[in-house]
Each structure stands twice: as structure tokens, then as C-alpha cells.
Amino acid sequence: MSDAQPHLYLVDGSSYIFRAYHRLPPLTNRHGQPAGAVYGYTAMLWKLADGLNKADGPTHMAVILDASESTHRNEMYDQYKANRPPPPEDLIPQFPLIRVATRAFSIPCIEQNGLEADDIIACYVLAATKAGWKVTIVSSDKDLMQLIEDGKVDMLDTMNDRRIGREQVLEKFGVGPEKVGDVLALMGDSVDNVPGVPGIGPKTASQLIQQYGDLDTVLASTDEITKPKLKQNLIEHADAARLSRELVRLVCDAPLPEPLDDLVLTGIPPEPLKEFLEDQGFKSLLNRVAGGGASSGGTRPVDVMASKPVAAAPTPPEAQDINVDRSAYETVTTMEALDRWIAEATANGFVALDTETDCIDCVIARLVGVSLATAPNKACYIPVGHVSADLLSDAPSQMPMADVLARLKPLLEDPAVLKIGHNLKYDWVMFAKQDINVAPYDDTMVMSFDLDAGRGIGGHGLDELARAMCNHECIPFKQVCGTGQKAITFDKVPLAQATEYAGEDADICLRLWQRLKPRLASENVTRVYEMVDRQLVTTVGRMERRGIKVDRDYLASLSSEFSKEITALEGRVYEAAGGPFTIGSPQQLGSVLYDRLGLKGGRKGKSGTYSTDVNELERLAGEGVEVANRVLEWRQLTKLRSTYTDALQAQINPETGRVHTSYSLSGAQTGRLSSTEPNLQNIPIRTEIGRKIRDAFVAEPGYQLMSADYSQIELRLAAQMADVPQLKEAFAAHEDIHSMTAEELFGSVDRDTRGKAKTVNFAILYGISSWGLAGRLGVPKEEGAAIIARYFERFPGIRSYMDDTLAFARTNGFTRTLFGRKTHFPNIRAGNPNHRAGAERAAINAPIQGTSADLIKRAMNRMDEALEKAGLEGVRMLLQVHDELLFEVPDGREQEAAAVVREVMAKAAEPAMKLDVPLDVEVGWGANWGAAH
DNA sequence: GATATCACG
DNA sequence: GACGTACGTGATATCT
């Protein structure tokens with residue numbers, strides 16, 4: 001390359017690591033320090049340096065960093081960058097590692113007091129172009145776009161591999177690079193706190209500069225401007241605009257800290273690099289060095305493993321056989337024996353435990369026995385509530401429950417003894433009812449969920465895990481208690497059998513813990529386990545115990561109201577159909593509609609039966625088929641009656657008079673909670689008639705129900721994670737996001753375009769297809785495709801977010817949320833394109849839905865303490881519905897409670913993370929849930 | 001136990 | 001270029 005033109009690559013290191021930090025999972029290095037951004041940075045440098053000797057690759061290279069806090073800009077304007085939040089806590093330790101990484105590549109790392117990285121870059125650009133070199137700036141900072149010159153200087157955004165030249169600048173700003181500074185001066189920059197002119201954003205700024213040529217001319221021509229508000233702002237803030245122009249002007253005449261020729265790139269000496277990669281534990285990169293110097297190949301970020309596994313296993317770790325000897329378990333019926341087990345557990349420092357009860361619902365269940373395990377095959381069962389199996393025999397010999405609990409309490413609350421449970425929420429509530437607060441604890445079900453969500457081993461139940469991880473079959477509950485009519489409760493199970501069953505549960509739980517615990521660190525899920533999900537066990541346990549009051553009489557009257565209407569509707573449907581049939585049977589209904597009445601419609605589904613779902617019925621109704629409407633109404637009312645008004649009454653706990661749902665902590669693969677028996681996360685709200693059900697959820701006398709929900713949280717997170725400036729700015733300005741999208745996509749905002757934009761926004765979150773979108777919007781598929789294309793064009797970050805997420809998922813078999821939660825997608829590499837496409841859509845959605853779940857979980861974990869601190873211990877958090885929390889608040893304390901709740905929810909990401917988008921929370925209250933919205 | 005439908009975010 | 005008609009849940013009724 002002796003006579004080739006030198007090509008200098010200038011890497012904007014500071015801006016890169018911020019973006020890498022937000023875009024990459026929160027990985028840790030071999031020392032357990034956060035290293036996600038460092039990893040991303042290392043992979044990027046590798047890729048760049050690998051371009052040596054390739055067409056348009058670097059011959060010279062340097063990394064530019066910000067050295068000092070204060071520069072000449074602060075002398076001009078003391079508020080410069082004053083609003084900038086401190087970096088996230090787990091990014092701070094990564095800054096120094098950036099220098100270490102750069103040195104490991106033997107690439108110069110340049111910083112200079114009093115100059116920002118942007119200025120140093122400008123100086124080098126000027127010097128290099130004067131010498132006839134080509135320059136590529138590796139950054140996506142819009143300030144640096146001022147430096148672009150066709151054929152001489154371009155920019156490279158390595159996150160999405162995009163080259164930025166004059167054309168791209170024109171596209172973004174509507175003006176060439178030489179005028180970018182004027183546009184920036186008018187629009188200002190909230191991140192750097194460059195004031196700009198109020199009311200002027202990118203659109204107006206660009207238009208003014210296009211019209212008048214430069215900033216000074218704009219400011220001198222205010223009398224030509226017709227819009228009164230704009231004119232006034234330009235006059236009033238002319239000085240701010242001039243100051244802004246100076247703030248965004250890059251210094252390009254400072255002396256170069258290192259001469260140009262010293263930046264030459266001759267190749268990367270392998271030894272220092274190897275040493276660095278080994279120290280960090282970046283195994284996949286290390287393998288490439290070992291393969292022989294700078295090699296080629298993709299540098300997609302892969303999971304950083306601590307010491308053991310080399311790459312993220314696409315399949316779960318293999319099962320390891322265990323030997324279970326149930327005959328070794330002991331039935332404890334004397335104080336002496338109990339004390340022996342307690343001493344053993346205390347000396348051990350940990351103990352696995354399980355409770356047996358007479359009912360699956362922990363709020364009403366009574367304790368029957370407790371099992372403990374201190375080592376494999378070393379388990380015992382302590383019966384406390386067994387009764388005789390029939391009227392003829394006596395109850396088995398056992399200690400009084402009160403005595404046993406009094407002895408167990410110190411152990412269960414001993415801060416030096418870790419209590420290990422499987423789905424410990426259940427056991428925690430059982431003991432909480434006896435005034436025992438089990439702590440500290442681990443939960444093997446939650447661990448399994450955090451490690452293997454979506455991994456295709458089914459659920460995370462003890463029996464399933466024993467099978468998948470240990471090739472062991474647990475005694476089925478059915479075998480002990482029977483099924484159907486003959487089923488008995490556990491208190492009637494003979495002690496010998498009970499001991500084998502219960503002892504096994506504790507024994508297996510302990511073995512699972514021994515296998516799962518070390519994987520948390522090595523597979524980088526410690527953070528989400530410790531900071532989110534483990535704490536949630538007791539948070540949710542407390543909520544389940546509280547329950548929510550339901551007005552039974554009101555539900556009963558709704559029920560009969562619905563019944564009357566249902567009967568009336570049935571009469572009309574039968575009349576139209578020419579005879580009675582089972583409306584609830586889709587088969588019969590289909591045959592009535594399409595065969596007997598001869599309506600036109602399609603077959604659907606493998607079974608070859610007619611589809612009669614809402615879409616079909618609404619289509620028929622639209623064609624004037626009256627009976628379709630009646631069936632729809634009938635469906636709605638029977639659904640409401642059977643699922644809600646009737647079922648809910650039956651769910652009221654006779655002891656508390658309240659409904660206690662059970663939240664599953666490991667039910668939803670994305671990290672959401674799910675609610676069962678009853679499901680309180682799908683109480684109607686979308687239709688007026690359905691909303692009446694919400695009015696049945698009431699507050700105790702002297703209390704109000706207060707609802708607090710995150711506004712548009714998933715779209716906000718999409719804006720954050722995909723790093724879409726327009727969306728982030730719109731949220732920061734509390735604009736209506738669907739209107740803003742409508743403006744961008746269709747050029748105008750009215751009811752129709754806003755509605756379409758809303759659909760498009762959701763489509764994006766769910767992993768879009770042009771067919772699907774077209775179907776939803778009722779437009780031809782070409783138009784659907786065109787809208788998607790326009791969306792990607794207007795919000796380019798979305799495209800790269802999707803590409804990056806899918807590439808990551810394909811490489812690693814899982815995705816991660818901002819807090820590191822993993823969701824696995826075994827089908828992401830499926831041969832069946834249908835399965836694969838499904839996995840891809842789910843993989844695009846999971847980080848967003850999952851991050852939203854992480855956030856509200858963090859808020860929930862902090863809520864009780866925050867309320868207590870504010871003197872609001874009377875406020876009780878009752879329900880969670882994905883982005884909503886429902887509270888019971890003493891009359892008169894609503895305002896105070898709202899303030900605390902809002903604060904905790906809005907700051908849920910902190911201090912681990914500082915989001916660019918605000919998390920707005922809408923709060924309302926009233927006598928019932930319906931009124932609280 | 002599978003399938004269809006529909007309630008929610 | 002084919003693929004398919006949005007992501008995540010749980011409850012109920014009907015029919016096999």
C-alpha cells in the first residue's frame with residue numbers, strides 16, 4: 001500500500017460506549033465487573049482494525065476520548081451540559097477499561113484537557129485532509145456531521161454499519177454539512193443543554209436555514225417571517241441562538257496531541273490483546289486470536305461467560321443422574337429429633353424446606369407438615385396437622401403445631417441460615433400467617449425461570465425440573481392423594497407415605513439449588529435474579545395475602561341482569577335460525593349460518609370447520625346479517641356471566657371476604673407475571689358493559705381504590721432501546737406519540753391517520769409483517785409494506801434494533817432485557833420457516849415486554865418501604881396488571897399516596913439505569929376499580 | 001385433552 | 001423468494 005492514499009479512522013470512543021452500554025446486555029467479565037459496553041467496544045475495534053489492507057479500510061487509526069469535564073464552552077455558557085445526568089452506576093467502572101482495551105489493540109488513545117472529543121476529531125480531520133488523506137469518523141454524533149466532505153470525510157455508524165456522507169446529511173438535516181452548525185444552533189440540544197430557540201425543532205430549523213442560507217441571515221430577516229410566535233421567539237432568543245452557534249462550532253485549529261504519522265496501523269500484536277481478552281474472559285474473541293492474529297468473520301456480540309462454558313449453550317445443560325433414597329428420610333415426632341435437625345441446619349448455613357397443606361390456595365390452606373433437607377438424601381418430615389384417614393383410627397402421633405412453629409421460627413428467621421424453597425412464595429405465605437418471616441431465602445423455581453425461560457423444558461415446577469435436570473421421577477401428588485372423587489387432602493395421608501413424598505420435595509429442591517446457584521453467575525443472570533425476581537417472592541406474597549374486596553351482591557344482580565338479556569337474545573337467534581341449537585357450539589353455529597342460512601363464508605382451520613370468531617361475525621354483521629349481531633351480543637354476555645360475575649362470586653374467600661389471586665412468577669416467558677384462580681389481569685375494561693365488572697372491585701369502608709399505570713411504557717422502551725431520537729424527543733416533550741407518528745408517516749394528523757399510526761406503532765412492537773399490518777388496517781398489502789418502509793425510513797433506529805436483536809438471538813439463542821433478563825428462542829433456528837418467523841417476532845417483542853416487566857417489578861419491590869417511609873403504611877398495594885398497580889388508600893391520603901407511587905414507578909430504572917425517556921404515570925382513584933380509572 | 005373463543009396488557 | 005395474517009397471558013364451553 002506504499003502509494004495508496006492514507007485513510008485515517010477516528011473512533012469517537014466516548015459516544016460509542018454510551019450507546020454500546022444501552023444497546024448491549026448487562027454482561028459481566030471474569031471478575032464479575034460490569035463489562036457489556038467494554039465487550040461491545042472491543043468487538044467493534046476488532047472489526048475496524050480487521051479492515052486493514054482491505055478496500056476503504058484504515059491505514060491509520062486513533063481512538064479519541066473526552067478527557068476533561070470543563071472546556072471553553074463552559075466559559076461561554078455555564079449551563080453547558082449542566083442537565084446531563086450522571087452515567088449509569090454500572091457504566092462508570094467501564095470507562096477506564098476502555099483505555100485498557102484500546103491499549104491492548106496497540107492503537108493510540110488520544111485525549112486532551114480542555115478539548116472535547118469532538119474538537120480533537122475536528123483538528124485531526126482538518127490536518128489529515130490538508131495532507132491529502134481520507135478520513136472516516138466512527139461515530140453517529142450529529143455534531144460531527146459538520147465535518148463531512150464528499151470524497152474526503154465520511155462517518156461510519158458501526159452499530160448498524162451505516163456510512164454517512166453528504167447525501168445522508170442532506171436527508172437528515174435538509175442542508176449540507178457546512179450548514180449543519182446553523183441548523184443545530186436553532187434547534188438546540190437538550191442532552192448537551194444547548195439552548196437553541198424555543199419552539200424550533202429539527203423541522204423548522206432546517207426549513208429556515210434552507211430558506212435564508214445561514215443563521216445570521218435568519219436572525220436578520222425576522223420581519224419577513226409570518227408566523228407570529230416563531231417571529232417573536234427568533235427576536236427574543238437571537239442571542240441564545242448566536243451562543244448556540246458558538247457552542248456547536250468545533251475547534252479545529254488546536255495543536256495535534258500526536259503527529260498524524262504516529263497513528264499508522266501496521267497490524268495488531270497478538271500478545272497484549274490475548275492477555276486482555278483472557279483477563280476479561282471474552283472467550284469467543286480469544287478463540288479468534290488463538291486462531292492466528294486478526295482473523296475475519298462477523299463480530300456479533302455474544303454472551304460473555306465467566307469461567308466455565310465457552311459460548312451460550314443453545315440447549316440446556318445436560319441432565320445429571322442422581323440417586324434418591326427415600327427410605328433414608330426421617331419422620332420427626334419428638335422435640336429431641338426436631339432440635340437435632342434445627343442444629344444441623346444451623347451448622348450447615350442452609351436448609352431446603354417445603355410445606356404440606358390441605359389446600360392448593362395458600363391463603364386459606366392450613367399447615368399439615370414441614371419437610372427439611374440439609375444434604376442429598378438427608379431429609380425429614382415434621383407432621384403437625386395430620387388427621388386419621390377414617391373414622392375408626394386415631395390421628396397419628398405428632399407434636400403440637402404451636403410447639404413446632406415456636407422451635408422453627410428462630411431457624412426460619414436466622415439471618416445466618418439460607419432457606420431454600422421451590423416456589424417459596426407459597427411457603428412464605430404459609431409461615432407469614434403464623435407470624436414467621438422466612439429470611440433470607442433462595443427460590444429454585446425463580447432461579448430456573450431466570451436461567452432457562454423459554455428453553456423448552458416446559459414449566460419450572462419441581463417435578464419437571466427433576467426430570468429435565470436429574471433424570472429423576474418424583475412421586476406424583478396423585479399417587480399420594482388420588483384424583484377426582486376419591487381424592488383426599490394431604491392431612492389424611494399416612495405418615496410413612498407423607499414422609500417419602502414431602503422429604504423428596506425438600507431433597508430435590510436442595511439438589512436443584514446446588515446445580516442452579518452456580519449457573520446464575522456463569523450465565524450472567526445474577527443481576528436480574530437478585531435485583532428483580534428474588535425480592536418479588538415476598539412482595540407478591542404480601543399482595544396475595546391482602547386480596548381485594550369484591551361486592552358479591554352487586555355481582556349477583558349483574559348476573560341476573562345478564563341472564564335476562566341472554567334469554568331474550570337466544571329467542572331471537574332461534575327465530576332467525578328457524579329452530580333452537582347450541583349457540584355456544586362453534587360447530588353448530590357454523591352449520592346454522594353457512595349451511596342452513598346459506599350465507600357466504602370460508603372454511604378455516606385444520607378441522608375443516610367454519611370459523612365463527614368475531615372477525616367473521618362482524619363481517620357478516622357488516623353485510624346486514626342481523627343474527628350475527630345477536631350472536632355477538634350473546635357471546636359477550638355469556639362470557640361476562642360465566643367467566644366473571646358467576647366465577648368471581650365463587651372465588652371470594654369466606655374468611656377474609658376478599659378475592660386472593662395467585663400470581664405466577666414463572667408463567668410468562670418474557671418475565672411478566674401471570675394471574676390465576678381467578679385471573680385478575682383480564683377483568684373487562686374495553687367495552688362499556690364489560691366495564692361494569694370493574695365496579696364490583698371495591699375498597700373497604702374508609703378507603704379508596706387508587707390505580708396507577710405507566711403510560712405507553714412499551715413504546716417508550718422501544719424508543720429508548722432502539723435509540724430513535726424523534727420518538728425520544730416526543731416522549732420527553734410529552735407529546736401525543738401516535739399523532740407524532742401520524743405526522744411522520746402520513747404528513748397529517750386526523751382521527752383516521754392517528755388511528756392507523758397507533759396500529760403501526762403496536763405492529764412494530766410485535767414484530768411486524770406487511771401482510772399482518774395490511775390486514776389490520778384493511779388496506780392492500782403493498783400499502784402495508786409501503787407504510788413499514790416509511791416507518792423504517794423515518795425512524796431508522798427501529799430497523800437496526802430489529803436487525804441487531806435478531807442477529808443476537810440467532811447467535812445466542814436468547815434475547816435480553818435492559819436488566820439482563822433472558823428469554824430463550826429454541827425455534828429461532830428452526831427449519832420450519834413458519835416456526836422460525838414466529839420465534840423472530842417473539843424475539844423482537846421479548847426485550848421490550850420484558851423490560852417493561854422488569855421495571856414494574858422493581859417499582860413493586862420498593863413500594864411498601866417507600867410508602868412506609870412516607871408515613872403511609874395504611875396504603876396497601878393489591879394488584880398488578882402488567883403496567884398498572886392497584887392500591888387501597890385510606891380516605892384523605894390519596895394525594896400523598898399518589899405522589900409516592902408516582903415517584904417510585906417513574907424512577908423504577910434507577911439507579912441501575914438512567915433512561916432518556918420519562919416514565920409517565922397516570923393516577924386516579926375512586927370507590928371502586930372502575931371509578932379509579 | 002384438544003380446540004375455539006375471548007377477556008386483559 | 002417463501003413463509004404467514006402481531007407479542008404475551010388464563011378461563012370457559014364444547015366436543016372428542
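Chain identifiers are assigned alphabetically (A, B, ...) following the order of the sequence lines, protein sequences preceding nucleic acid strands; residue numbering begins at 1 within each chain.
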Spacing of A:Lys857 atom NZ relative to B:dG9 atom C1', expressed in whole Å
15 Å
Using a heavy-atom cut-off of under 4.0 Å over every strand shown, decide if A:Glu884 touches base, sugar-phosphate, or nothing.
nothing
Whole-Å C1' distance, C:dC3 and B:dA7:
30 Å
What contact category does A:Asn679 fall into here, base, sugar-phosphate, or nothing, at under 4.0 angstrom with non-hydrogen atoms?
sugar-phosphate
Whole-Å distance separating the CD atom of A:Gln636 from the P atom of B:dA7:
6 Å
Donor-acceptor pair between A:Ser591 and A:Arg596 side chains, under 3.5 angstrom
no
What contact category does A:Gln669 fall into here, base, sugar-phosphate, or nothing, at under 4.0 angstrom with non-hydrogen atoms?
sugar-phosphate
Find which nucleotide of DNA chain C each of A:Phe825 and A:Gly775 is nearest to by heavy atoms, and output the residue with the more 5' nucleotide.
A:Gly775
C:dA2 -> Watson-Crick or G-U wobble partner, both distances under 3.5 Å, gives none
Roughly how many Å is it from CD in A:Glu714 to P in B:dC8, rounded to a whole number?
17 Å
May I ask you to say what A:Arg841 touches in the nucleic acid, namely base, sugar-phosphate or nothing, with a heavy-atom cut-off under 4.0 Å?
sugar-phosphate
At under 4.0 Å between heavy atoms, what does A:Ala668 touch on the DNA or RNA strands: base, sugar-phosphate, or nothing?
sugar-phosphate
Once you round it to whole Å, what is the distance between P of B:dT5 and CZ of A:Arg635?
6 Å
Describe the nucleic acid contact of A:Ile683 in one word from base, sugar-phosphate, nothing, applying a heavy-atom distance below 4.0 Å.
sugar-phosphate
Can you tell me how far P in C:dT5 sits from the matching atom in B:dT5, rounded to whole Å?
15 Å
Run the side chain to side chain donor-acceptor pair (under 3.5 Å) test on A:Arg635 and A:Thr612 for me, step by step, so that the C-alpha distance in whole Å, both residues' side-chain angles and the decisive distance to 0.1 Å come before the verdict.
CA-CA 11 Å; A:Arg635 282 230 181 112; A:Thr612 65; 2.9 Å; yes
Please report the distance, rounded to the nearest Å, between CG in A:Leu855 and P in B:dG9.
18 Å
Under 4.0 Å, counting only non-hydrogen atoms across every strand here, what does A:Gly584 touch: a base, just sugar-phosphate, or nothing?
sugar-phosphate
Touch check for A:Thr612, heavy atoms < 4.0 angstrom, all strands: base, sugar-phosphate only, or nothing?
sugar-phosphate
Could you tell me whether the phosphate oxygens of B:dC8, OP1 or OP2, come under 4.0 Å of any side-chain nitrogen or oxygen in A:Arg672?
no
Within 6.0 Å of CD in A:Glu677, more than 12 heavy atoms from elsewhere:
no
What nucleic acid atoms does A:Thr759 come within less than 4.0 Å of, heavy atoms only: base, sugar-phosphate, or nothing?
base
Along DNA chain C (nearest heavy atom to each residue), the more 5'-positioned of A:Val760 and A:Gly667:
A:Val760
At 4.0 Å (heavy atoms only), tell me whether A:Ser852 reaches a base, stays on the sugar-phosphate, or touches nothing.
nothing
Under 4.0 Å between a side-chain nitrogen and a carboxylate oxygen: does that hold for A:Arg821 and A:Asp533?
yes
Checking side-chain polar atoms at under 3.5 Å, does A:Ser664 have a donor or acceptor matched by the opposite partner on A:Arg672?
no
Restricting to side chain to side chain contact (heavy atoms under 4.5 Å, CB included), what partner residues turn up for A:Val881, sequence neighbours left out?
A:Gln681, A:Glu884, A:Trp929
Are A:Arg658 and A:Glu888 within salt-bridge range, i.e. N to O under 4.0 Å?
yes
Mind checking if A:Ser769 touches a base, just sugar-phosphate, or nothing, with heavy atoms under 4.0 Å?
base
Polar side chain donor-acceptor pair, A:Asp920 to A:His734, under 3.5 angstrom:
yes
Sugar-phosphate, base or nothing in reach of A:Ala853, heavy atoms under 4.0 Å:
nothing
For DNA chain C, which nucleotides open and close the run of contacts to chain A, 5' to 3', at under 4.0 angstrom from a non-hydrogen atom?
C:dG4 to C:dC15
When the distance from NZ of A:Lys692 to P of B:dA7 is rounded to whole Å, what number comes out?
16 Å
Can you tell me, in whole Å, how much space there is between the P of B:dA4 and that of C:dA6?
15 Å
Between A:Ser448 and A:His460, does any side-chain donor sit less than 3.5 Å from a side-chain acceptor?
yes
Atom-pair distance (CD on A:Glu922; P on B:dG9), nearest Å
13 Å
Using a heavy-atom cut-off of 4.0 Å across all strands, would you classify A:Arg776 as base, sugar-phosphate, or nothing?
base
Which is true for A:Ile685 with a 4.0 Å heavy-atom rule: it touches a base, it touches only sugar-phosphate, or it touches nothing?
sugar-phosphate
What integer distance in Å separates A:Tyr663:OH from B:dG9:P?
13 Å
